[in-house]
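Down below is the structure, laid out as structure tokens.
Numbers here are sequence positions counted from 1. All values below were derived from every heavy atom in this structure, side-chain atoms included, with hydrogens, water molecules and symmetry-related copies excluded.
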Amino acid sequence: MDRVCVGCGKIMTKMGERYELATNDGLAFVCKDCAREVGIKNMFAASIVTKGKFLEKYVKLHPECQSKLDDTMAYRERKKQDLQKEIADMKKKNAEKKAIASKRAGCKKKEQKKCTCKSCGNIYYYSMDDEAINVANLFIGNFYTLNQIKDLKKCPKCGSRATEQKKVYFWIDKKGNCVDVEE
């Protein structure tokens, strides 16, 4: 694979005629002639020199390459700003998570199903306890318990079974007050 020199733009096809520079954003190569001009004598010296540092030295000898240095510095600055923005976003998300966690500390998490009737718009809730009671009444199987079974998906207001369901989580403190709700 052909490599292009960062300094002079020469295309290098052989391994022996180039050095690889240290970069965080992909590969950068320099020909041995350009490397010698800035004081790089071997591949070990090239491996500790970054593309920006190389271009800073190279521009002093060849001022016509200033645009390459400007592009490299602008790219580096954009990457730095993107990283700072990403870090700020992560800190903000962590702060929000900590605030929610401290709010919910020491509370019990309860799960219920929120049902919205599509016919009349009535909103009602039922829990896993209600479902367990229905199952227990079904297994007992006597006349009284079979009459106690409720259709939980049926709207208590209008009797329609056209309901939309989704899970809702509640956090209840020790006094029985609802601290937080998550739909």
Side-chain angles (χ1 to χ4, degrees), residues 1-9 11-12 18-31 34-35 38-40 43-60 62-118 121-131 152-153 162-183:
M1 178 182 249
D2 294 343
R3 306 292 185 190
V4 178
C5 177
V6 172
C8 63
I11 296 175
M12 303 164 286
R18 67 179 182 246
Y19 295 132
E20 184 177 342
L21 298 175
T23 59
N24 293 334
D25 51 310
L27 299 174
F29 296 93
V30 62
C31 66
C34 293
V38 296
I40 299 173
M43 68 178 181
F44 300 111
S47 67
I48 60 171
V49 175
T50 63
K51 181 179 175 182
K53 292 292 183 187
F54 169 78
L55 284 173
E56 286 174 1
K57 293 178 182 179
Y58 192 75
V59 164
K60 291 177 184 174
H62 302 279
E64 65 274 4
C65 294
Q66 183 65 40
S67 63
K68 290 181 184 180
L69 177 62
D70 295 340
D71 292 343
T72 302
M73 293 302 168
Y75 177 78
R76 186 186 295 173
E77 190 61 33
R78 279 193 311 271
K79 282 288 195 183
K80 187 176 179 181
Q81 289 173 353
D82 290 346
L83 180 64
Q84 289 173 347
K85 183 179 177 186
E86 191 174 321
I87 289 171
D89 289 344
M90 284 175 31
K91 285 181 179 179
K92 184 178 178 183
K93 285 180 184 178
N94 286 339
E96 290 172 359
K97 285 181 182 178
K98 284 181 181 178
I100 290 172
S102 68
K103 184 178 181 183
R104 296 175 179 172
C107 297
K108 290 184 180 179
K109 182 178 179 182
K110 300 283 185 176
E111 176 185 329
Q112 289 189 346
K113 289 193 179 175
K114 177 181 179 181
C115 299
T116 306
C117 181
K118 292 180 181 177
N122 183 33
I123 296 174
Y124 65 97
Y125 297 87
Y126 68 89
S127 66
M128 301 299 284
D129 296 339
D130 297 330
E131 291 177 356
L152 298 174
K153 294 179 177 143
T163 58
E164 186 176 292
Q165 302 175 0
K166 64 180 176 179
K167 290 184 180 180
V168 178
Y169 299 101
F170 295 93
W171 280 266
I172 310 295
D173 65 2
K174 292 178 181 177
K175 294 178 182 177
N177 299 323
C178 182
V179 175
D180 198 10
V181 178
E182 181 181 300
E183 290 191 34

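For NZ of Lys68, the number of neighbouring non-hydrogen atoms (other residues, nucleotides, ligands) closer than 6.0 Å is greater than 12. Under a cut-off of 6.0 angstrom, the local environment of CD1 in Ile11 is sparse, with at most 12 non-hydrogen atoms contributed by other residues, nucleotides or ligands.
Side-chain contact between Lys91 and Ile87 is present, with heavy atoms from C-beta onward closer than 4.5 Å. With a 4.5 Å cut-off on side-chain heavy atoms, Lys53 and Leu21 do not count as touching. Inter-residue side-chain proximity for Leu69 and Met73 is flagged as met; some heavy-atom pair is nearer than 4.5 Å. Side chains of Met12 and Cys5 form a contact here, defined as non-hydrogen atoms less than 4.5 Å apart. Residues Glu77 and Asp82 form no side-chain contact, since every pair of their non-hydrogen atoms from C-beta on lies 4.5 Å or further apart. Taking 4.5 Å as the limit, every side-chain heavy atom of Arg18 sits out of range of all side-chain heavy atoms of Cys31. Between Phe170 and Gln112, some side-chain heavy-atom pair lies under the 4.5 Å cut-off. Phe54 is listed as a side-chain neighbour of Val30, based on a closest heavy-atom distance under 4.5 Å.
Under a 3.5 Å cut-off, the side chain of Lys114 and the backbone N or O of Tyr124 do not form any donor-acceptor pair. For Thr163 (side chain) and Lys153 (main-chain N/O), a donor-acceptor pair under 3.5 Å exists by modelled atom type. Side chain of Asp130 to backbone of Ser127: a donor-acceptor contact under 3.5 angstrom is found. When atom types are taken as modelled, the side chain of Lys110 and the backbone of Tyr169 share no donor-acceptor pair closer than 3.5 angstrom.
Salt bridge Glu182/Arg104: present, at least one basic N to carboxylate O contact under 4.0 Å.
Lys113 forms no cation-pi arrangement with Tyr126, by the criterion of a distance under 6.0 Å to the ring centre and an angle within 45° of the ring axis.
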